[in-house]
Amino acid sequence: MSTDKNRATAAAILPLVGGPDNVLNIAHCMTRLRITLRDRSLVQDEALKALPAVMGVVEDDTYQIVLGPGTVARVTPEFEALVAEGRSAEPAPAASHAVTADELAAQGAAIKNAQKTKNSTPFKLFLRRIANIFVPLIPALIGCGIIAGLNGFLTNMGWVPAVVPALAAMASGFMSLIAVFVGYNTAKEFGGTAVLGGAVAAIIVFPGVAKIDAFGQQLSPGQGGVLGALAAALLAVQVEKWCRKWVPEALDVLVTPTLTVLISGLVTIFGLMFVAGEVSSAIGTFATWLLATGGAFAGLVLGGLFLPLVMLGLHQALIPIHTTLIEQTGYTVLLPILAMAGAGQVGAAIAVYYKLPRNRSIRTTIKSALPAGFLGVGEPLIYGVSLPLGRPFITACVGGAAGGAFVGLFNQLGTSFGSTAIGPSGWALFPLLDGKSGMGMTIAIYAGGLAVGYLVGFAATYFFGFTQQMLTEFNTGPDAEAAQAPAPATQAGEPAPAAGTAPVPVGR
């Protein structure tokens, strides 16, 4: 009986999400049926919400129907079976069917969703939670970074000297207290009281810690930085949860906050600040050494592997490292190198555009996604073009490696520079660049790296990104399909089309 009920629920949902044709991929988590859709406009939201078994709908990178624990695990197989049955009843497509941009995008979405499912390991989920701590800070990092760049420009030019101290305060105020925001977000993300996480992390930046000796040396305000704040807030969450479990409810409001700050604060002062400070120093030293001694090779590896790292979800581990470097030196030297991956992607997309002159659909997608790609937003090109095609994704990585090697080489030659914030890349990174060799040289090297990434990504894709079979499959337009279809019967007296008439190419 329960099986019939679950199948009935699946059967009620399917037409309301557009039917089998509109479902590209199916997955589920603890409570939600997650569907990748071909056309979002076909979904009947209100009718779905009105179904007795549906608790709500959520739209993210997939369309998510909340069914509740237990129920979703039983409904999903029935839903998959109905979709498969609906598809098997349809006639197979003609062999001459041209691959469109929508179909490529659907393949990319399916790959993205499948990769996201694979990324749901405990370690990668932990990295995702760490990223959730820092991502909300990015707007402030960008705003303060641009103000810092403007302040440096005005200082070097000697203009408006009265404004410079005000700009310096605006640019530096957030960074001086970033540990507090990290502590606040950490406690919030891991299930503690956010303000207690911020209170414990505030100890790290309090000027009075300079009067405390730990491990035979005097502490300094800010020692340990964001890593220390992260560790301190994580500890505070555990202490708070322990207190909630054992402290009587009548005393909870007084005892739990006090013990949380006291225990976590003492461990932070006499342990975490020192350890996190050593780790932070090691990260800065290693990044400087890496680019100073093997900059070209390091840039080649980092620029070439960044896109696969993004797919695997491992790029999130770099966010605390970027933030630590910005905190230490004012900029992260790694981001301009990693941004070259986007340049390789843009170059590869342009090559695809010229290699498929008859596929108007894919070319239109590339034209619409390229402006975002130049500004560092690469997902539309990755999941809509290069990744579903396969080889162009690899050649895009080759372009990123070449651009990274170019930027890394100049770091090796002594021209070190970086980004004062994380988040933007591509052309959007220009206002955030900073270095010790002057803005002219810094901008020229970064622009040169982008140009190398564009050119190598284009060349690698143009010459090696397609097999002959791929060109036959993808370089097809609707006119070519019409030419391969059976000719319509002619009316009496009308001349038949000449044999061998070639179709007119589309999009040349």
Side-chain angles (χ1 to χ4, degrees), residues 130 133-134 136-138 140-141 143-145 147-148 151-152 155 164-188 192-237 239 257-258 260-288 319-333 418 420-422 434 436:
I130 296 297
I133 294 167
F134 290 91
L137 306 179
I138 289 177
L141 285 169
C144 295
I147 292 173
N151 181 55
T155 301
V164 168
L167 293 177
M170 296 176 200
S172 303
F174 172 74
M175 288 305 301
S176 67
L177 295 175
I178 190 173
V180 179
F181 293 98
V182 169
Y184 184 95
N185 286 349
T186 300
K188 182 179 179 181
T193 301
V195 72
L196 292 180
V200 175
I203 297 169
I204 293 173
V205 296
F206 177 59
V209 297
K211 302 176 182 178
I212 301 172
D213 290 326
F215 295 96
Q217 60 178 260
Q218 196 174 43
L219 294 177
S220 59
Q223 185 173 339
V226 294
L227 297 182
L230 181 64
L234 284 173
L235 175 62
V237 170
V239 174
T258 303
T260 299
V261 175
L262 179 63
I263 297 172
S264 305
L266 288 173
V267 175
T268 298
I269 291 171
F270 293 103
L272 293 180
M273 285 184 68
F274 174 80
V275 174
E278 294 298 306
V279 173
S280 298
S281 298
I283 289 174
T285 301
F286 177 74
T288 302
I319 295 177
I321 296 175
H322 287 312
T323 309
T324 298
L325 293 174
I326 292 171
E327 194 177 35
Q328 287 180 346
T329 63
Y331 53 80
T332 168
V333 293
T420 57
I422 56 178
D434 192 15
K436 299 178 181 178

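It should be emphasised that the depicted structure is a prediction, and the values quoted were computed from it without experimental measurement. The chain is numbered in sequence order, starting from 1.
Pro320 places none of its side-chain heavy atoms less than 4.5 Å from the side chain of Val226. Two residues are said to be in side-chain contact when any heavy atoms from C-beta on lie closer than 4.5 Å; Ile319 and Ile130 fail this criterion. By the 4.5 Å heavy-atom criterion applied to side chains, Thr420 and Ile326 are not counted as neighbours. No side-chain heavy atom of Val279 sits under 4.5 Å from any side-chain heavy atom of Thr324.
For Leu262, the side-chain contact (heavy atoms from CB on, under 4.5 Å) partners are Leu266, not counting sequence neighbours. With sequence neighbours excluded, the residues satisfying side-chain contact (heavy atoms from CB on, under 4.5 Å) with Leu196 are Thr193, Glu240, Pro257, Thr260, Val261. The side chain to side chain donor-acceptor pair (under 3.5 Å) test applied to Thr332 returns His322, not counting sequence neighbours. Remark: Ala148 engages Ala171 in a side-chain contact (heavy atoms from CB on, under 4.5 Å) (not counting sequence neighbours). With sequence neighbours excluded, the residues that form a ring-ring contact (aromatic ring centres under 6.0 Å, His included) with Phe174 are Phe181.
Atom-to-atom distance recorded for Ile283:CD1 and Glu327:CD is 10.5 Å, nearest 0.5 angstrom. A distance of 7.5 Å separates OG1 in Thr323 from CE in Met175, rounded to the nearest 0.5 Å.
For Leu227 against Ser280, the heavy-atom pair with the smallest separation is CD1-OG, 3.7 Å.
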Just list the side-chain donor-acceptor pairs under 3.5 Å for residues 200-222, sequence neighbours left out, or say none.
unit_1	atom_1	unit_2	atom_2	d
Gln218	NE2	Ala210	O	2.6

